[in-house]
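A short write-up of the structure that comes next.
Below, chains carry the letters A, B, ... as their sequence lines are ordered, and counting in each starts from 1. These numbers come from the heavy atoms of this one structure, side chains and all, not from hydrogens, waters or symmetry mates. Because the structure is a prediction, the values reported are computed rather than measured.
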2 protein chains.
Amino acid sequence: MPRSAQINPPAETKPARRTSQRPTIRDVSRLAGVSRMTVSRVLSDPDMVLPATRERVLKAVADLGYVPDRAAGSLSSRRTGFIALMLPTLTNANFAAVAHGLTEALREAEYHLLIAYTDYDMAEEERQLRNLLARRPEAIVLTGAVHRRTATRMLLAADIPVIEIADLPSQPIEHAIGFSNYQVGRTAARYLIDRGFERIGAIAASPDGDVADHRGEERMRGFEDELRLSRRATDLVLRHGSAPVSFHHGAAAIRELLARDDRPQAVFAVSDLSAVGAVMECQRLGVRVPEDVSIMGFGDFEIGGEINPPLTTIHVDFRALGQRTGGMLLDLLSRNAEAGSGEPRIVDVGLRVVERASVKDG
Amino acid sequence: MPRSAQINPPAETKPARRTSQRPTIRDVSRLAGVSRMTVSRVLSDPDMVLPATRERVLKAVADLGYVPDRAAGSLSSRRTGFIALMLPTLTNANFAAVAHGLTEALREAEYHLLIAYTDYDMAEEERQLRNLLARRPEAIVLTGAVHRRTATRMLLAADIPVIEIADLPSQPIEHAIGFSNYQVGRTAARYLIDRGFERIGAIAASPDGDVADHRGEERMRGFEDELRLSRRATDLVLRHGSAPVSFHHGAAAIRELLARDDRPQAVFAVSDLSAVGAVMECQRLGVRVPEDVSIMGFGDFEIGGEINPPLTTIHVDFRALGQRTGGMLLDLLSRNAEAGSGEPRIVDVGLRVVERASVKDG
DNA sequence: ATGAAAGCGCTAACAT
DNA sequence: ATGTTAGCGCTTTCAT
């Protein structure tokens, strides 16, 4: 191929006192005898380059073990390929499933998930949010409903698509995809009332300062509202310990409830984890489920279906939620390239009672 | 403050046709009437700047809602603040705990975890690895022991600290922190042999092409070796279904084992998940644990301690593993700034049998 | 089909 | 204590 016959060295010969030893696009271009742009094209849009040139470049890339630096690419192209995801915790099967589903949906589109989690702490949410935004994600996904004002402001200022998931907020920041935790509570109460129970209880964590499970509390609010509407007492709704709940929580809470004079006939647990813990504790106490007490959970965790008796629960498809979020994201990001980002989208994925054997008729 | 009296506009006045609306360091510098470097200093090393100047800059930052672009910063400083973490899956409580522990350890040092997972697929590991390296992490943590050759080569070429975790590889790439899965198997077998059992079985997933649970298979190898050393038969070691295992796996596998003429007296499950599933299935079948069959698991998942009878298992502290990895990382990255990175470090966090009620003496 | 110039938004290194 | 210069490693844009 013709190379310019100038006396001064061409650009790609420019020496550099580099700190790192990793090859750059310039090293590849020199080795292949092309300009940096040609290397860039081979890597991003191979058909734009003559096959012969392309092969030469590809060989140079392989020989050097060249891996492009996305930070540099992002800076130039203004596309980072990051999607930010903020979760309360990773050590919850349902949230982990969301992350899993999302990653899958985004994998082909070459987006990379940036995960942060808050440990149910709103101050931490704000800190994490700032860190995330510094990475210039092209969109942000977070568990919805309650944020601090400054957090909301930062979100708005970022000027990227925002999707709130899991909890359907009454005032979404922009897009939302999830279900109503309030509705979960009402549904659970309705279900137990319809089974004919009179003394109905619940177990949840107590709301506690900055570290709180707002989602769980919403479920309890719905639960109590529905009880009241049916003229049932709400004094068997127990707030015990602090979030996040787990097996022990349920065990301790059911013990407390069973010790009461007006022991409940049926109990709704804020999470399957608590519910399973409660069932296990009943086994140990010789209290039969559901004959002596019916127990119902939320979240449809795998373990719930495996215990004896299997747990009646309320199911939300978190993995599908993650995948749908991924779909919406892809759509948002592609049409963002064309026209205005369009209307906020609110999707209720709904919920359903999964009837198993831990609840009988009252 | 004195500004140069040149006719051409000084640098900070330079107009830019920017695509994005987000404020840059230049906007802040203009508003505060200082140079960009001063802004940079206020944000990274505030004490270096006069209090009065600092306040002015901070106000400008707040007024504009300025969030620095880390991609640009990384490019310039050659420090991305990323640590890469590659896991088989996020939907396993123990791996999630590793991620959790690691994040905690790194949080203060302002490192950001880049998580990828392979779904136990080695081809995917390679793809993910390339994506991760393109983000120029300062170190990489991965679940150890088995990698493809090209993956190992990429890791070496990246010239950053590599820590293999969970599984202690026989030939570590560099640093390693974990335990020996082979030893887990031997320990389990030894424990059951010492309890006096003769017919000892095990349940695991069958190794299956590219998608395989090498760690689980290692455990089985150790288990079988120990059985042989004690002249026990290994024909009750059952490979059933495919990884990753869960409750159903254990239920199905124990059914198969119990149906045999030479039904085992004791069974080691490759994971607590399988073990719990097995115990639950026994409950349903009316097979008493441990009277009719003893069951032992691995991983010490929370649920194992909650069921009836509580599960005897082998414990590895994954969260501590994550935290220790974080500590090693911090140390490696700081001393990397000083001298050579030093010797490879291999840490065995060990394991211990947690004796509960699901195993009795044979 | 390929290349040259310019610049993305920062910070290291060297002034002053 | 603060400013200036010169890039970091890419991609955009505009030539050719």
* Asked: Do NZ/NE/NH1/NH2 and the carboxylate oxygens of B:E124 and A:R107 come within less than 4.0 Å?
  -> yes
* Asked: Does a side-chain N-to-carboxylate-O contact under 4.0 Å join B:D69 and A:R78?
  -> no
Can you tell me if the side-chain N/O atoms of [X] get under 4.0 Å from OP1 or OP2 in [N]?
X: A:R136; N: C:dG9; value: no
X: A:T38; N: C:dA1; value: no
X: A:T24; N: D:dC8; value: no
X: B:R54; N: D:dA1; value: no

* Will you find, in the side chains of A:H147 and A:E125, an N or O donor that is under 3.5 Å from an N or O acceptor? -> yes
* To do: Consider the side chain of A:R78, meaning its heavy atoms from C-beta on, and name the nucleotide among C:dC10, C:dC8, D:dC8 that approaches it most closely.
  => C:dC8
* To do: Working to the nearest 0.5 Å, report the span between CZ of A:R70 and CZ of B:R135.
  => 4.0 Å
Atom pairs and distances, side-chain donor-acceptor, residues 79-86 of chain A, under 3.5 Å, sequence neighbours left out:
{"from": "A:R79", "atom 1": "NE", "to": "A:E138", "atom 2": "OE1", "distance (Å)": "3.4"}
{"from": "A:R79", "atom 1": "NH2", "to": "A:Y111", "atom 2": "OH", "distance (Å)": "2.8"}
{"from": "A:R79", "atom 1": "NH2", "to": "A:E138", "atom 2": "OE1", "distance (Å)": "3.2"}
{"from": "A:T80", "atom 1": "OG1", "to": "A:F82", "atom 2": "N", "distance (Å)": "3.2"}
{"from": "A:T80", "atom 1": "OG1", "to": "A:R136", "atom 2": "O", "distance (Å)": "2.7"}

* **Sequence-aligned protein contact record of nucleotides 11-16 of chain D, with B where the base is within under 4.0 Å of a protein heavy atom and S where only the sugar-phosphate is** => BBB---
* Asked: Who passes side chain to side chain contact (heavy atoms under 4.5 Å, CB included) against B:L50, sequence neighbours left out?
  -> B:T53
